[in-house]
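Since the structure is predicted, the reported quantities are computational estimates derived from the model, not experimental observations. Throughout, a chain's letter reflects where its sequence line sits, starting with A, and its residues are numbered from 1.
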Protein chains: 2
Amino acid sequence: MGWNRVAIIGAGMTRFGELFDRSMEQMTAEAFTKALADVDKGIDPDRIEALWFGNCMGSLSGNEIPSGAVLANALGLVGKPASRIENGCPTGSDTFRHACMGVASGIYDVVVAVGAEKMCEKPNRKSLLESGRIGNPTFAYSQTATTLFAPQIHRHMEEFGTTKEQMAMVAVKNRYNGSLNPNAHYKTHITVEDVLNSPEVCSPFNLLDCCPQTDGSACVIICKAEIAHEFTDEPIYVAGLGCATDPLYYHEKELLTGFACTGGAAGQAYKMAGITADEIDVAEVHDCFSGVEIMNYEDLGFCNKGMGGQLVQNGETSLQGRIPVNPSGGLMSKGHPIGASGIAQVLELYNQLRERTGERQVKIHNGYGLQHNVGGYYIAVSVVSILTRTL
Amino acid sequence: MGWNRVAIIGAGMTRFGELFDRSMEQMTAEAFTKALADVDKGIDPDRIEALWFGNCMGSLSGNEIPSGAVLANALGLVGKPASRIENGCPTGSDTFRHACMGVASGIYDVVVAVGAEKMCEKPNRKSLLESGRIGNPTFAYSQTATTLFAPQIHRHMEEFGTTKEQMAMVAVKNRYNGSLNPNAHYKTHITVEDVLNSPEVCSPFNLLDCCPQTDGSACVIICKAEIAHEFTDEPIYVAGLGCATDPLYYHEKELLTGFACTGGAAGQAYKMAGITADEIDVAEVHDCFSGVEIMNYEDLGFCNKGMGGQLVQNGETSLQGRIPVNPSGGLMSKGHPIGASGIAQVLELYNQLRERTGERQVKIHNGYGLQHNVGGYYIAVSVVSILTRTL
């Protein structure tokens, strides 16, 4: 037997931003009710058989342990199966992957994947990444997300001549796209000069090279492909799912100018979908820092290794380019509430492939979209999903 | 399409106990290598395509964030997909459920479910349950696991005349069974008088009514049923999987003399397996406290509501009884390292159904075994799995 095919039939999200006034439960309930309302032909919530909840930081950020059962209560789905997935920065996309497997398994017909994170409230104890250290001297002290990603970018600049200007172009592009997205955290335009003149956080990243700390929630409703037309005439199908891991420490990593796990996850997803990178019309990728998006282009196969800087400089990843990347604004402009980020990427692709994103709509040729996250403690895990208009 | 059937082909665990000298990675590596060695016809680790890791307390208990990628590294499975599942006390069984869905989906052929918890080291910050409070005044202060479970047991005593002596009989039975299990945390015999004379922790629980704080890891290797005979002539198949949630707070719970989510999860699993409770030969259930096992008998359908105390008093759940429960020693004697507990229950059933557990072997008639956990924050989630000798 192969796998039972899976379709997306509705998607919803909160505005991403500083949502100090809203609890985890309130944010997820809003994303869920918007996803229900988004189902074209309507859906009785009783049809939903199981729930997956993506939350990364969990109890690290406060007094709440946002478990599956808490979410089942928040969404009015008490009684149904509910599980929490945690997988570092790809937590949201891995939650989507697990919801898809639940349907693909044949055990559930209609399920929900919801992710949420509250990032803006100050933790009442040690920070996420400080808590993540395992004792390796490289990482045990003064570790932040920038210091984790910076060495790879420097190596990329050294080996391939990638420039800070090219990185700034990623930031400018994504901020422009975000200005067209009402749910984005940052909506103002910036220039390459703005990025280059913003304060340095950790070389080579200036402040405007970094994604913000963001609160938010996103939700998608999925079902087995055979029944999708009960709910909408335009379901979007899941074509491929991939997840891969890397060695934890630099001295064990073979690729230092990118992330091998991204290539691994993408390879699995392309193989499952039976397509190559050339057939992707639009992608939402993990741009936690500008330079990371450039490396993702290469790791995902959108260009050859070392050519990522040129790709953005030539405008090929802009809304009107050959392979538009992060039309939603990406993590850098839309924001990065970890457990929600991957699911919000899926939501954007769902709407892009249905050609209903207004001013930021890209051209759809082959009908394929790709979603990608990479990170986790030690940048050692990546998840990639490929969506398609046709079964 | 139905679901692709799943088989267990190997299982391994560490000794459960106080393992101060071993890291999470060391414990999981031992459980994994023992599971590999347990595969009758051998298995090349390269055949393993994906990994699920169960860990509940995670970063709450120290400086480590035990993510999927960390485990892929610990087990020598770098590159493969790896995800962490958290679902409160049923974390281990939900990890098994997700690994089964991964195979059932048709996406993976051979996968690993591994769980681990380090419970004995003192947390360097607030305790698990204190961190779990959400602000409800009932639970915000002085909450420990005993205070969460005690009210239900008192109500059960009040409504059905269940006695502290009957609860003590559960403790005595499970400690006896554990004395026959080399991997159990507690191996000494106790008497009903010992239990009744042990210090009161939280009425109606005395010290010997409570499971210990335990370190340990357990692992099972599963594959799609069609290829199971490549690995063993005696695979054990998965017949049913269930997971259900409850309201969080007492004032919303309808059942106060048991846990509705256990009945919900069991109902799903029985339906999927196409059997009733009468066909179960042996069960491993969530005996975090003696009285909880008594309520589980009822919620799982082994006897009518209110008759659980009689069931243990009549010896029907002893090794030689009609429906032996917790032949491994259960959480009370074997121990309860949360992320590992459910997987260790599956391991026990795997060996019981293969009739190779020596002195604690029960009689197998119909070839079905049932595994059960209940709990999580606010006792609002349960997971049940049913295993079978025949496809």
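- Of all heavy-atom pairs between B:P81 and A:C243, the closest is CG-O, 3.0 Å.
- Using a 4.5 Å cut-off between heavy atoms, A:D94 touches chain B through its side chain atoms alone.
- Of the two parts of B:N87, only the side chain, counted from C-beta on, holds a non-hydrogen atom closer than 4.5 Å to a non-hydrogen atom of chain A.
- Heavy-atom pairs under 4.5 Å with chain B were tallied for A:H98, A:R97, A:E252; the largest tally goes to A:H98.
- The shortest distance between side-chain heavy atoms of A:E86 and B:F53 does not fall below 4.5 Å.
- Every residue two or more places apart in sequence or in another chain that forms a side-chain contact (heavy atoms from CB on, under 4.5 Å) with B:A228 is listed here: B:A7, B:I9, B:C223, B:P235.
- The candidate from B:S83, B:G79, B:A104 with the greatest count of non-hydrogen atom pairs under 4.5 Å with chain A is B:G79.
- Of the listed residues (B:S382, B:A260, B:P247, B:A380), the one with the most heavy-atom contacts under 4.5 Å to chain A is B:P247.
- B:I85 places none of its side-chain heavy atoms less than 4.5 Å from the side chain of A:R84.
- Using a 4.5 Å heavy-atom cut-off against chain A, the contacting residues of residues 261-272 of chain B are B:Q268, B:M272.
- Proximity to chain A is limited to the backbone of B:L77, based on heavy atoms less than 4.5 angstrom apart.
- Interface summary for chain B: among A:N73, A:V78, A:V381, the most heavy-atom pairs under 4.5 angstrom belong to A:N73.
- A donor-acceptor pair under 3.5 Å is absent between the side-chain atoms of A:T245 and the main chain of B:A69, judged by distance alone.
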